[in-house]
**Q** 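Here it is, the structure in full.
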Amino acid sequence: MARFFRDSTSSSRSSSDLAAGADASASAATTAASSRTPPLPSPFPDLGVPLSAAELRATAYEVLVAASRATGAKPLTYITQSAASAASAAAPAPSLSSSIHRSLASTAAASSSKVKKALGLRRSSASSSSKRRGARRPATVAELVRVQLGVTEQADARIRRALLRIAAGQLGKHAESLVLPLEFLQQFKASDFLDPHEYEAWQLRYLKLLEAGLLFHPLVPLKKSDISALRLRQVIHGAYDKPVETEKNSKLLVELCSAARALAGRSLIETFDECHWADGFPLNLHIYQMLIEACFDSEDGAVVDEIDEVVEMLTKTWPILGINQMFHNLCFAWALFNHFVMSGQADIELLSGAGIQLTEVVKDAKTTKDPDYCDVLISTINSIMGWTEKRLLAYHETFSASNIDSMQGIVSIGVSTAKILAEDISHEYHRKRKQETDVVVHSKIETYIRSSLRTAFAQKMEEADSKRSSRHPVPVLSILAKAIGDLATKEKTVYSPILKKWHPLATSVAVATLHSCFGNEIKQFIAGLTDLTPDAAQVLKAADKLEKDLVNIAVEDSVNIDDDGKLLIREMLPYEAENVMANLVKAWVKERVDRLKGWIDKNLQHETWNPKANGENFAPSSMKMMQIIDDTLQAFFQFPLTMHSTLHSDLATGLDRNIQYYVSKSKAGCGTQSTLIPQLPHLTRCDVGSKLFMKKEKPQVLMKRGSQVGSTTSGASVIPELCVRINTLYHVQTELESLEKKIKTYFRNVESIDRSTDELNIHFKLSQSACQEGIRQLCETFAYKVIYNDLSHVLLDSLYAGDTASNRVEPLLRELDPILRMVSGILHNGVRNRVITSLMKGSFDGFLLVLLAGGPTRAFTLQDSQMIENDFRALRSLYIANGRGLPEELVDKASSEVKNILPLLRTDTGTLIERFKQAISESCGSTAKSGFPMPPVPAHWSPSNPNTILRVLCYRNDEAATKFLKKAYNLPKKL
């Protein structure tokens, strides 16, 4: 045993000498092979005995040489194709049931390899084969096999000499009747080797083979009490410590042969003269796998053109190794696949051949319950599947444009292995589960797709994060959504066409997986959103687009497929990105609208309404408010929404109400018609013949509401303020028109808007109406404040008071002129005439108020009517201003009420009394004897109105008028 372990390295080295170092071709092949991709680990169980690959290869060649000839036949070196056929006929191999190897017997006239044809492999030219090997083309198939297995000519000659000695001593025996390690131990002498260490290595190899084949892995299981086994183990372990003497009378050799032959002679069935030393599982497979390597070029791994003849030779070893067609099919499939791997996945023909060969394995798996076969089948299939799945579970990493051609073959291998494992390859598996093949295949393809795309998705996430820069801080999820869309397109055009061969909904599975992966990210993103920023909107928009693209791909993919396609589409739970955006925009709109309202409240509290606040003579707050609104709209339309029109309605309504609120606050506190127009005094009659004013008597005048009698001087500064307020509302109104045009432009830049609808017709109706009404009210307020407040001292207090001739209209005109100049300088052109028109109407109304409700201090004679008419014409001329003022037709319209009343002032009293009686009778019916009813004050003064006529009589400085009023109404002369 000590020698065994001490010389294990030497044994390996010496056995390796058998596989290398003799001729240049073998050396070149070894060098070339070393540069290729390493092979896959063997799928067969470990032997438990340290037999190296070189030792197994040497053993395989010895078995092949011995099996390829009957004892006493010609040396293997001289076997030709015809001789091989003859040898096959003399010792027929088991029937070759495989469709690939059914006609392995070849003839010299065969033009192409049947095996290659069945596997879809092309035949190489002789010149290219020789060029590949870098040496002359072997003269015989036997020489080819020797070269492929790396056996030197010296080693081959030594083996053949030993076989001749064996044949001479055991004439007529077949190779399967011999325990070859024992025979070679007896035949090889130290003199056959140049190096004594090499001789010891050969002896150790035979001892290890006997231990592996008869003790570790015998065909017939050993009993613990088996004496032969115990004796053999002792002999072998003793031989490990010192070289075996090979003389015939050597006690150790005699004991070794006796024990070995006793164990090798055991059989499962009664046989005649057979020895079983190499047909135990898995030793037989390890040896046969070395023989299978002869089918492949030692330099580039391609299947040799002489494959038919090589396989024919290999079949002769089957009786010795206990190999049958099923084991051969499995080993050959493994070898084809392994050489494809070793080619760096470049030789697609080998991959295709492995796939075809696996179809034979699938057939075999259905027909056998052999536990050894099932064990090695599962081990081999798991090994192949492990390699394929490592690549198919991340096929986006594995396959690109340069090697996409190999994907279909690898998927085919993966599917075949899955189908094999799903078949009844063991009783245990059969009891546990049996699946339909289609279900197994679909499940496997789905596993490949989902795993690969999850891996690709993770890589895209890392790439998206790395692409984001400080200069262009695009949200990572936006970049990722674009990348996933591209990935889905690539999947659809590159990978799915291959995978659809096994799964009709491969594309749908892929996009459903991507949808789920991105869904996990977007849901986390949405859960963390509190408000809608431009980045958040960009991400949600990208997510919405990606989802629609993925769903469309899935729908297209499942058009002709019923339930399964719908299930995958239902698996794609909506991101709800658009709804999330809508809800966030609604919240954003509400927050902006509420914030603007608060801003309006705060800023209007401090607004001075000073024309000097800016060069435009309107409130700075209005400009700032409109800028805020414009910024809000710009921000809104930057959101990548598909529902701008719907959500804009909410925003426009909120902004509209805010502007309306601003307008109402702007005019608040300025006064109204009811608070500014003075109350009408009670009616009195004139005290004819008396002086209206005594020296120290204070005149009684119209009572202004909410104020004391007399002029107001503190209101002079109200005029500029009111002008600024009017300008402000006009500015807001014009800005609203501009804003509506901007909104239409914003809408035109939104792709989702339907131009045929009414979505573009956005109007701020509440605000427009509020501005119109506000300007009207402020114009009236301005007019009433000027006429009844600022100019009260020259109108209500003094015009025609006491003596008509002494208190004419000139003072009023003098004070109106600078006011008109001030107003013209402050007001915007668009509202100037409207304000002056209101002032003009107010002055005409005030003029009539003095004539019809001026109080007891006013009394007019018929002669005064001419002066009054002249004063009225002067007041009209002020507003016409010789064509530089208001249009004359506008002045005429505003002064029509005064024009209609003035003729009453020049009508005699009797006529007035008769006209009054007729008017009161028409309006109130027949009068009673007790007097006339008091007619109500009309909304507008009219020459036919009884109240208007009555008032003219009250201010008529005439005895007849006084008597009538005394009799009809008993009016006092003083208040």
**Q** Assess the side chains of E491 and H396: does a donor N or O sit below 3.5 Å from an acceptor N or O?
**A** yes
**Q** Taking the six-membered ring for Trp, is the centroid-to-centroid distance between Y495 and Y395 below 6.0 Å?
**A**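 Yes.
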**Q** If we ignore angles and hydrogens, is there a donor and acceptor under 3.5 Å between the side chains of E735 and Y730?
**A**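 Y730 and E735 do not have a side-chain donor-acceptor pair below 3.5 Å.
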**Q** Nearest 0.5 Å please: distance from the CE atom of M623 over to the CZ atom of F618.
**A**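 Reported value, rounded in 0.5 Å steps: 3.5 Å.
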**Q** If I take atom OG1 from residue T489 and atom CG from residue D549, how far apart are they, to the nearest 0.5 angstrom?
**A** 7.5 Å
**Q** Checking D594 against K590 for the salt bridge (charged side-chain N to carboxylate O under 4.0 Å, His left out) test, could you report, in this order, the C-alpha distance in whole Å, the side-chain angles of both residues, the deciding distance, and whether it holds?
**A** CA-CA 6 Å; D594 292 346; K590 184 178 184 304; 2.9 Å; yes
**Q** Between the side chains of H731 and E616, does any donor sit under 3.5 Å from an acceptor?
**A**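 Short answer, no.
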**Q** Does some side-chain heavy atom of L350 sit less than 4.5 Å from a side-chain heavy atom of V303?
**A** yes
**Q** When you compare the side chain of D544 with that of Y575, does any pair of heavy atoms fall below 4.5 Å?
**A**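 The answer is no, as the side chains (C-beta and beyond) never meet within the 4.5 Å cut-off.
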**Q** May I ask you to decide whether E591 forms a salt bridge with R595, counting only side-chain N to carboxylate O separations under 4.0 Å?
**A**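 R595 and E591: salt-bridged.
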**Q** Using the test salt bridge (charged side-chain N to carboxylate O under 4.0 Å, His left out), find all partners of E446 that sit at least two apart in sequence or belong to another chain.
**A**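 So E446 forms a salt bridge (charged side-chain N to carboxylate O under 4.0 Å, His left out) with R450.
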**Q** If every non-hydrogen atom of P475 is compared with every non-hydrogen atom of V539, which pair is closest and at what distance?
**A** CB-CG2, 3.4 Å
**Q** Kindly compute the distance separating CG (L651) from CZ (R592), expressed to the nearest 0.5 Å.
**A** 9.5 Å
**Q** If you define the side chain from C-beta out and look only at heavy atoms, does anything of Q733 sit under 4.5 Å from I775?
**A**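 Sidechains of I775 and Q733: in contact.
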**Q** Any carboxylate oxygen within less than 4.0 angstrom of a Lys/Arg side-chain nitrogen, looking at R391 and E397?
**A** no
**Q** Please report the shortest heavy-atom distance between A554 and I569, naming the atom on each side.
**A** CB-CG1, 4.0 Å
**Q** Can you label the angle between the W387 ring and the F337 ring as parallel, tilted or perpendicular, going by 30° and 60°?
**A** perpendicular
**Q** Side-chain contact, heavy-atom cut-off 4.5 Å: F457 with E521?
**A** yes
**Q** Measuring only between side-chain heavy atoms, which start at C-beta, is Y662 closer than 4.5 Å to L596?
**A**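 When only atoms from C-beta onward are counted, L596 and Y662 do not touch, as no gap falls below 4.5 Å.
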**Q** Between S452 (side chain) and Y448 (backbone), is there a donor-acceptor pair under 3.5 Å?
**A** no
**Q** With sequence neighbours excluded, tell me which residues meet side chain to side chain contact (heavy atoms under 4.5 Å, CB included) with S664.
**A**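 Testing S664 for side chain to side chain contact (heavy atoms under 4.5 Å, CB included), a comparison that skips the adjacent residues, returns Y661.
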**Q** To the nearest 0.5 Å, tell me how far S769 OG sits from D656 CG.
**A**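 If we round to the nearest 0.5 Å, S769:OG and D656:CG are 9.5 Å apart.
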**Q** Might you work through the side-chain contact (heavy atoms from CB on, under 4.5 Å) test for L453 and C517, ending with a clear yes or no?
**A** CA-CA 9 Å; L453 284 170; C517 289; over 6 Å; no
**Q** Which heavy atom of C771 sits nearest a heavy atom of V663, and at what distance?
**A** SG-CG2, 3.7 Å
**Q** Picking from L358, V361, N382, what satisfies side-chain contact (heavy atoms from CB on, under 4.5 Å) with T417?
**A**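 Only one option passes, and that is L358.
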**Q** Could you pull out the closest heavy-atom pair between T368 and C374, with the gap in Å?
**A**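 Scanning both residues completely, I find the closest heavy atoms to be O-SG, 4.5 Å.
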**Q** Give a yes or no answer on whether the side chain of S416 reaches the backbone of S412 with a donor-acceptor pair at less than 3.5 Å.
**A** yes
**Q** Which atom names give the shortest non-hydrogen contact between A464 and L480, and what distance separates them?
**A** CB-N, 3.9 Å
**Q** We want to know whether E607 and S621 form a side-chain donor-acceptor pair, criterion being a heavy-atom distance below 3.5 angstrom.
**A**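 On atom types as modelled, these side chains qualify, holding a pair under 3.5 Å.
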**Q** Determine whether the side chains of N520 and Q524 contain a donor N or O and an acceptor N or O closer than 3.5 Å.
**A**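 Q524 and N520 do not have a side-chain donor-acceptor pair below 3.5 Å.
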**Q** Would you mind listing every salt bridge (charged side-chain N to carboxylate O under 4.0 Å, His left out) that reaches into residues 492-511, with sequence neighbours excluded?
**A**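 Sorted pair list: K492-E556, K500-D557.
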**Q** Please round to the nearest 0.5 Å and tell me the distance separating atom OG1 of T507 and atom CG of L499.
**A**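 It comes to 8.5 Å.
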**Q** side-chain contact (heavy atoms from CB on, under 4.5 Å) for L584 and L540? Distances and angles first, verdict last.
**A** CA-CA 11 Å; L584 288 173; L540 293 172; 4.2 Å; yes
**Q** Between D630 and K742, is the closest basic N to carboxylate O distance under 4.0 Å?
**A**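 Salt bridge present between K742 and D630.
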**Q** For a 4.5 angstrom cut-off between non-hydrogen side-chain atoms, does L392 reach T398?
**A** no
**Q** State, yes or no, whether a side-chain contact exists between F332 and L119 at a heavy-atom distance under 4.5 Å.
**A**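 When only atoms from C-beta onward are counted, L119 and F332 do touch, with a gap below 4.5 Å.
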**Q** Is there a side-chain contact between I479 and D465, using heavy atoms and a 4.5 Å cut-off?
**A** no
**Q** Identify the heavy atoms of A543 and A577 that sit nearest to each other, and give their distance.
**A** CB-CB, 4.3 Å
